[in-house]
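Since the structure is predicted, the reported quantities are computational estimates derived from the model, not experimental observations.
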Amino acid sequence: MNPSLPTNEQRLDIYRKMLLCRMFEDRVNSLFLQGRMPGTIHQAQGQEASAVGVCHVLQEGDMLTSTHRPHEHAVARGIPVRFLMAELFAKNTGCCKGKGGSMHIGDAERGMLPAIAIVGGGIPLATGYALSFKYLKKPNIAACFFGDGAVNEGIFHETVNMAAIWDLPVVFLCENNKYGASTLIDSVMKVKKVSTRALAYGIPSETVDGNDVLAVRQATLRAADRAREGRGPTLLELETYRFAGHSRSDPGHYRPKEEVAEWRKRDPIVRFETQALQTGLLTDSAISDCRASVDRELDEAVAFAESSPSPLAEECLTDVYVEQSYGKA
Amino acid sequence: MKHIIIMPDLGQTTSEAKIVSWLRKVGDKLTMGEPLLEVETDKATMEVETYVGGYLRKTLAKPGDLVAASSPIAVLTDTPEEHCEEPRGEPAAPPPVKVVQEPFPGGLAHSPGRVAAAPAARALAKQLGIDLSAVSASGPQGIISKADVERFAAKAATTTEPVNASVTDRALQAMAALTSSSKSTIPHFYVTVDLDVGVSETWRARWNQNHPALKASVNECLVRAAAAALADNPRLNVRITDGRYERQPSANVVVVTGTDSGLMLIPLEEPHSGTFEAYLTRIKSALTSAKAGRAQAGPAVAPSLAVSNLGMFGVKEFSAIIPPGCASILAAGTVRDQVVWRDGRPQPARVCTVTVSADHRIVDGIAVAKFLESMQFHLNSL
């Protein structure tokens, strides 16, 4: 057996993480519809395989950056959902003490920088982390999620090129869900695959079925190994799809109904379940038990969040600047 | 168990949405996540799904209603028959639907909220410069059709709304129609100057001391001086009617004034003629009767210049939209003290910043500049 393939225990963990991602997003939508949760939300239902497949490879000390659609990345990275939920409720028990909200969830101490909503904004930060890992001779890598909308930003080209020439330990992960907000990628990019871009920087790349969690995991493992061995960055294109609109205020009318239906058939969670039922990894009762346990975890997270205090006015300016001396001790 | 469905906060720039249609009817059984209604936000028309399963028992708002976010819009119960009314004597929940009144403050530059309209109607309205919020809908569910816009355009072209209409809705509709048509058809340009009002303000103070029963306001002085300057500058004293450009035999001015029900345009015949005393009596009586909703008898005047003033609110300067027919509008700010550099040293001065918006089809910048120069002269010799 290929030692890089996940064990059954790991597969079950992957499955539960994907369910937690999906059900977290569904719960957030429900809370929004009930008027209990404030704010604009960018949801990622449908992209669980990408989030979980990548994060399953990351180790302690590795650093992940994310986008304006960060909920599933944070759940997959293992930040406890109660801290994420509290952040979305703008409570001071949230992972950013309630001052970041939906588009800035993350926790550097748990391996994910608070997300950056600016398109492409996480790319240079991840690369900066990679530079520091290399400089400090740490065994860690940086990983960096961005959407297809980011690959035509200047910062993408400049940063990937720099990471390439310095052989930095970073994995560039393009979640290609076909639409930058409402713009179809084919209308803004001449090459057919984002992965083709890697040729220009002289780094390896792969286009991966981003709705197949095991394929994502294996590709990320190859890229992460290269990075840890000092062989430089890799560009992975994860082809996936968001079931919802760009944000809660976008009905997504620019997408053909047949296209949405086609991608719904490729739902990463249903695919995993179907396969797992065939191989005997999962049973129907195991699936419903798992859903019930995720539901309980989310109930607890919502209760925790709703009963938490709001941020205090005195805390407005805390965590804004870091006081640190860079001189000799 | 009873579940209240609320209007979610779906807008990008507003927190209200219009109900387009109910996709399910009272009595229907719904499952969680099923689309329940269609709403139109400032950005898009979209479906809203129910966050809970159950039987739809009541809808609390109807298609066409503009509903504020978080207002209850429907009631679901777990079973089809269970009681869903509030017991008597207890505070009523769900609270009544908050239907948003579209705000329309008396500013000339206001853009009203999104209204429900067919795309073809929207495109036509845009082309004709018609504000859709002024158009009444005849289509299903209060959606404005292309025919509604055509009807509105035809009516706006043939009827002359009484300019001093005091019925709120009519005043608002007239303002919406007039300003959109002006701003989209007249090529506006703007000339701004600081008028030195030191002399005229001293003169006005003395006048008011001597005539406690007939005091003059800053605006009354400005209107008088502007009319005199208009008479001096025939190039500005022109009107466009039916695409034809006509020089005016007399210098008439229209004063824009704000009332509780909106803006009013009060035409004055030759404000610079006669004694200052007679002029003041005339303008004050015209303003009073217009505000009371009475049209004044008298010959119809064709003004070529409008005067608008926000100085009494401390506004420093602003620019205004030209009323249809006029060639220009003068927008006056507040009278303020300022230090000016004069004769090689700083000196105190009283100034009033005015901006003239003019129609570049019939007026050029030099005509406006000369008019303003002339107005300064007349202010100094009230």
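Listed options B:Val52, B:Thr45, B:Val48 were ranked by heavy-atom pairs under 4.5 angstrom with chain A; first place goes to B:Thr45.
Heavy atoms from other residues, nucleotides or ligands lying under 6.0 Å from CD of B:Glu34 number more than 12. Other residues, nucleotides and ligands place no more than 12 heavy atoms under 6.0 Å from the CD1 atom of A:Ile118. Counting non-hydrogen atoms of neighbouring residues, nucleotides and ligands closer than 6.0 angstrom, the NZ atom of A:Lys99 exceeds 12 such neighbours.
Between B:Leu10 and A:Arg248, the shortest heavy-atom contact is CD2-O, 3.7 Å. Of all non-hydrogen atoms in A:Leu33 and B:Ile6, the two that sit nearest each other are O-CG1, 3.2 Å.
The CE atom of B:Met46 sits 7.5 Å away from atom NE2 of A:His253, with the distance rounded to the nearest 0.5 Å. Atoms CZ and OH, from A:Arg27 and B:Tyr51 in turn, are 13.0 Å apart once rounded to the nearest 0.5 Å.
For a residue to count as touching a neighbouring chain, one of its non-hydrogen atoms must lie under 4.5 Å from one of that chain's; by this rule B:Glu49 touches chain A with backbone and side chain alike. With a threshold of 4.5 angstrom between heavy atoms, A:Asn29 approaches chain B through side-chain atoms but not through N, CA, C or O.
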